[in-house]
Trainee: 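Questions regarding the structure given below will be posed in turn.
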There are 2 protein chains.
Amino acid sequence: MGRKQIKDTLSKELIVEEADRQFLELDFNKVSMRSIASALGCTHGSIYYHFQNKEELFNAVIEKYFTMLNQMLENSLNLDAIEGTKQIFINYMQFGLNNQSQYDFMFVQHHGLEDPLQQPAPRKSLKKFIDTIQELHQNRLKEDNIHSTFISLHGFVLYYKGRIERYDDAKIAANAHADFLLKALVI
Amino acid sequence: MGRKQIKDTLSKELIVEEADRQFLELDFNKVSMRSIASALGCTHGSIYYHFQNKEELFNAVIEKYFTMLNQMLENSLNLDAIEGTKQIFINYMQFGLNNQSQYDFMFVQHHGLEDPLQQPAPRKSLKKFIDTIQELHQNRLKEDNIHSTFISLHGFVLYYKGRIERYDDAKIAANAHADFLLKALVI
DNA sequence: AAGAAGAATTGACCACTGGTTAATTAAATG
DNA sequence: CATTTAATTAACCAGTGGTCAATTCTTCTT
């Protein structure tokens with residue numbers, strides 16, 4: 001037993017790529033190390049040469065999703081306060097419901113390390129969410145309220161996750177929810 | 001092989017009782033059929049004589065928690081509109097965070113049957129939540145807004161779940177969140 | 001070119017999970 | 001007492017994440 005012939009070297013990138021592919025259709029617990037390995041034509045043991053464990057692998061997978069989310073927030077900065085804020089709300093829910101498995105791992109699971117949202121990446125995204133909205137409103141909002149808003153959007157995603165396939169199936173409800181929160185935020 | 005001697009008959013009640021006990025400290029995925037069985041001094045196979053599967057067993061376990069939740073809602077009916085509504089918000093978050101494993105199974109997991117919240121019991125509790133608040137406000141509220149409120153409380157529970165041990169550790173945030181939602185609800 | 005050193009892969013294994021079932025034993029019934 | 005019936009067991013299945021000694025392939029050195 002030894003090296004691979006077909007795909008020659010099994011790089012970290014290839015593994016992440018395949019894990020990402022399967023993650024699009026199945027959630028964390030349903031994507032197994034063995035299924036990733038067999039798709040790559042190797043055994044699951046070899047993945048452990050490149051990654052310490054399953055969590056580390058999937059942390060690598062979701063990196064780009066955090067980038068996407070942060071990017072989205074930045075893109076809303078050149079808008080009017082109200083419009084920009086609503087845009088962020090909508091986009092957040094859209095992101096969460098169009099990347100359900102990933103969202104879950106990013107903000108809920110992460111169960112290797114006690115508190116998902118205290119991890120660097122989730123924390124950073126949360127901070128960016130708050131800072132961006134605060135900036136749109138020239139620091140006139142109460143941070144607690146922005147935090148409550150985040151929690152409420154988080155709730156929307158987790159409420160509809162599993163019930164619907166894609167964001168569009170909850171578009172109307174999302175719009176109503178966004179208006180509801182916007183009203184509470186800007187009084 | 002055969003009957004039990006120690007606890008004589010292994011009734012459904014005894015199994016539910018033990019599952020409930022372990023459910024207080026560990027979540028659904030960490031409570032195994034084997035651990036329940038061994039605590040009862042039998043093998044896990046025998047549990048399957050009384051319950052079709054793990055989900056059915058835990059459905060029996062959470063029955064009383066749905067009753068608790070519904071009871072709580074009814075107890076808030078003889079209060080003033082604003083006070084009663086806030087009371088419900090607080091109590092809901094308190095329930096969720098003081099029964100984290102159970103809450104998760106009641107409203108998130110239930111993964112055998114696609115949509116947890118469309119299951120009879122969760123659905124009934126959600127309806128009671130909406131109806132109770134509507135009644136406190138003499139049907140003057142928009143149902144969509146009450147629904148958004150529920151989602152936001154749901155979000156609060158799931159956000160703090162795992163981060164804190166008990167509700168009291170998030171008491172201040174819960175109060176702020178309740179005020180935030182109350183404002184949005186009654187304009 | 002030969003051989004040693006190192007990197008990468010394998011397969012067999014571990015402990016665990018939910019779930020099934022033939023065989024067995026206990027209790028209830030005639 | 002015998003027979004039926006209810007309950008329990010142990011052995012098994014397929015699956016999971018994870019580990020590791022043995023092996024093979026690559027590369028570097030002499």
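What you see below is based on every heavy atom in this structure, not just the backbone, and it leaves out hydrogens, waters and symmetry mates. Remember, it's a predicted structure, so these values are computed and weren't measured experimentally. Proteins come first, then strands; the chains are lettered A, B, ... in the order of their sequence lines, and each starts at number 1.
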Trainee: Could you tell me whether B:E83 and B:K86 have a side-chain N and a carboxylate O separated by less than 4.0 Å?
Mentor: no

Trainee: Test of understanding: with salt bridge (charged side-chain N to carboxylate O under 4.0 Å, His left out), list the residues that count as partners of A:K64, not counting sequence neighbours.
Mentor: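 By the salt bridge (charged side-chain N to carboxylate O under 4.0 Å, His left out) rule, A:K64 matches A:D20.
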
Trainee: Identify the pairs formed between an N or O of the protein and an N or O of nucleotides 16-18 of chain D at a distance under 3.5 Å, and give each distance.
Mentor:
unit_1, atom_1, unit_2, atom_2, d
D:dT16, OP1, A:S32, OG, 3.1
D:dG17, OP1, A:K54, NZ, 2.6
D:dG17, OP2, A:M33, N, 3.1
D:dG17, N7, A:R34, NH1, 2.8
D:dG17, O6, A:R34, NH2, 3.2
D:dG18, OP2, A:Y48, OH, 2.7
D:dG18, OP2, A:K54, N, 2.9
D:dG18, N7, A:H44, NE2, 3.2
D:dG18, O6, A:R34, NH2, 3.3
D:dG18, O6, A:H44, NE2, 2.8

Trainee: To the nearest Å, how far apart are B:F58 CZ and C:dT17 P?
Mentor: 12 Å

Trainee: Please confirm whether the shortest side-chain N or O distance from B:S46 to OP1 or OP2 of D:dA7 is below 4.0 Å.
Mentor: no

Trainee: When you check the phosphate oxygens OP1 and OP2 of D:dA10, does a side-chain N or O of B:T43 lie under 4.0 Å from one of them?
Mentor: no

Trainee: Would you mind reading off the distance between B:L40 atom CG and D:dT9 atom P, rounded to a whole angstrom?
Mentor: 10 Å

Trainee: D:dA7 P sits how many Å from B:I15 CD1, rounded?
Mentor: 11 Å

Trainee: Take the protein atom NE2 of B:H50 and the nucleotide atom P of D:dA6, then report the distance between them rounded to whole Å.
Mentor: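 It works out to 12 Å between those atoms.
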
Trainee: Between A:I47 (CD1) and C:dA8 (C1'), how many Å, whole number?
Mentor: 13 Å

Trainee: Can you find a side chain N or O atom of B:Y49 that sits less than 4.0 Å from OP1 or OP2 on D:dA7?
Mentor: yes

Trainee: When the distance from CG of B:D27 to C1' of C:dT17 is rounded to whole Å, what number comes out?
Mentor: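 One finds 14 Å between C1' of C:dT17 and CG of B:D27, rounded.
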
Trainee: Between A:F107 and A:Y92, what is the ring plane arrangement, given parallel below 30°, perpendicular above 60°, and tilted in between?
Mentor: tilted

Trainee: Expressed as a whole number of angstroms, how long is the span from B:L26:CG to C:dC16:P?
Mentor: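 Whole-Å distance recorded here is 15 Å.
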
Trainee: Which class fits the ring pair A:H177 and A:F180: parallel under 30°, tilted 30 to 60°, perpendicular over 60°?
Mentor: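 Because their plane-to-plane angle is under 30°, the rings of A:H177 and A:F180 count as parallel.
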
Trainee: Would A:K161 and A:Y103 count as a cation-pi pair here, with the cationic atom under 6.0 angstrom from the ring centre and within 45° of the axis?
Mentor: no

Trainee: Are more than 12 heavy atoms from other residues, nucleotides or ligands located less than 6.0 Å from atom CD of A:E56?
Mentor: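 Above 12, so yes.
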
Trainee: Under the ring pair (Phe, Tyr, Trp, His ring centres under 6.0 Å) rule, collect the residues that match up with B:Y48, sequence neighbours excluded.
Mentor: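 Partners of B:Y48 under the ring pair (Phe, Tyr, Trp, His ring centres under 6.0 Å) test: none.
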
Trainee: What's the CG-P distance between B:L14 and D:dT8, to the nearest Å?
Mentor: 10 Å

